[in-house]
Number of protein chains: 2
Amino acid sequence: MTIKEVSEKYNISQDTLRYYERVGMIPPVTRTSGGIRDYQEADLSWVELAICMRSAGLPVEAMIEYVRLYQEGDQTIPARLQLLVDQKEALLEQKRQIDTTLERLNYKISRYEKAIETGKLTWEKDACK
Amino acid sequence: MTIKEVSEKYNISQDTLRYYERVGMIPPVTRTSGGIRDYQEADLSWVELAICMRSAGLPVEAMIEYVRLYQEGDQTIPARLQLLVDQKEALLEQKRQIDTTLERLNYKISRYEKAIETGKLTWEKDACK
DNA sequence: ACTTGACTTGGAGTGAACTCTAAGGATTAC
DNA sequence: GTAATCCTTAGAGTTCACTCCAAGTCAAGT
């Protein structure tokens, strides 16, 4: 699979795909004899994983570290586990923060809806609350 | 309340507080006769709101727009409501993405735990999956 | 009055994650 | 075989959200 096809499949730019490989966020991609990237199943799995982690907001640095450990072999399995657990914790915390903000947004939205419905404001100050 | 006190209360740098005001993410803060920031209740509410939105990952730009609309008066209430609804949608989407990634992390974590427990790998390839 | 420490502004610098450019090599279509 | 298109790399540029700096002003203590 060429870089163009992969870029279309995952809706991510070719530049980003090359960037991910260059910084080590995915291991080196299989090449043709001419040196052109020819993504295999395994390469695609890494791309998919990278996109998944990034779209949840996890840092590139964490993926780089994971790939580095992975390439060092089985003795890094405990370290990899720890890394994954840390990232999981970060995501759970991020989710809690989102829930807090959603509650606030919902409160404000309901107030604005009531204001529009009744044709007037149902509060005086504190519109920022 | 001085900028120092606010910075300590919310655990955010004074630079960031000034930055938020400068870019319009919060309305201009009350000043003393000498021109020094003296945060009142209303100013603090805005700061709190800004911190809440930012810590959920919402863009600074969205808050700037909200504040701009707010300062224009009541006729922007429908626009403000729309903005809030859009941001809520963005957060819900972000949450879905986090859940997807959490599932994947949990799967990998359980596999690594089993690998460590049994002292050997329970899978051959696909460590990236 | 003077020192000390906190505050002010405008503007420059930083780190993360892309994104683009230039110069050139590889592949496919005719 | 050659034109068109896609690919390659190295490195520069961009955007976002701060973060830091310089030069100067303000406020509290002695």
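Residue numbers begin at 1 in each chain, while the letters A, B, ... track the order of the sequences.
Side-chain contact check for B:Ser7 and B:Gln14: no donor-acceptor pair (N or O, by modelled atom type) lies under 3.5 Å. In this model, a donor atom of one side chain and an acceptor atom of the other lie less than 3.5 Å apart for B:Thr30 and B:Asp43. Between A:Lys108 and B:Tyr66, the side chains place a donor N or O and an acceptor N or O closer than 3.5 Å (distance only, hydrogens not considered).
When all heavy atoms are compared, the tightest approach of A:Ile98 to B:Lys95 is CG2-CD, 4.1 Å. Across all non-hydrogen atoms, the minimal contact from B:Ala50 to B:Ile26 is CB-CG2, 3.9 Å. Shortest non-hydrogen contact noted between A:Tyr20 and A:Ile12 is CE1-CD1, 3.8 Å.
The stretch residues 86-103 of chain A has no heavy atom under 4.0 angstrom from DNA chain C at all.
Both B:Asp15 and A:Thr16 lie near DNA chain C, and the one whose nearest nucleotide falls closer to the 5' end is B:Asp15.
Ion pair B:Lys9/B:Glu5 not flagged as a salt bridge, since none of the NZ, NE, NH1 or NH2 atoms sits closer than 4.0 Å to an Asp/Glu carboxylate oxygen.
Around the CD atom of A:Glu93, the shell of radius 6.0 Å holds more than 12 heavy atoms that belong to other residues, nucleotides or ligands. By the 6.0 Å contact criterion, CD on A:Glu72 is enclosed, its count of non-hydrogen atoms from other residues, nucleotides or ligands being greater than 12.
A donor-acceptor contact shorter than 3.5 Å links the side chain of B:Glu21 to the backbone of B:Val29.
Heavy atoms of A:Arg22 sit under 4.0 angstrom from at least one base atom.
Atom P of nucleotide C:dG15 and atom OH of B:Tyr19 are separated by 17 Å, given to the nearest angstrom. As a whole-Å value, the separation of A:Glu21 CD from D:dT9 P is 7 Å. B:Ile64 has its CD1 atom 10 Å from the P atom of D:dC18, to the nearest Å. When rounded to the nearest whole Å, the span between CE of A:Met63 and P of C:dA16 equals 17 Å. Taking atom CD1 of residue A:Ile51 and atom P of nucleotide C:dA17, one finds them 15 Å apart after rounding to whole Å.
Nearest to the side chain of A:Tyr20, among C:dC18, C:dA17, D:dA17, sits C:dC18.
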Quiz item: Nucleotide by nucleotide, 5' to 3', does protein get under 4.0 Å of the base (B), only the sugar-phosphate (S), or neither (-) in nucleotides 2-8 of chain C, counting heavy atoms?
Solution: ----SSB

Quiz item: When you look at B:Glu65 and B:Arg68, which way does the salt bridge (Lys or Arg N to Asp or Glu O under 4.0 Å) test go after all the steps?
Solution: CA-CA 5 Å; B:Glu65 177 68 3; B:Arg68 199 184 61 70; 3.0 Å; yes

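Bending across the helix from C:dA1-D:dT30 to C:dC30-D:dG1, expressed as the angle between its end axes from five pairs apiece, amounts to 10° (10° rounding).
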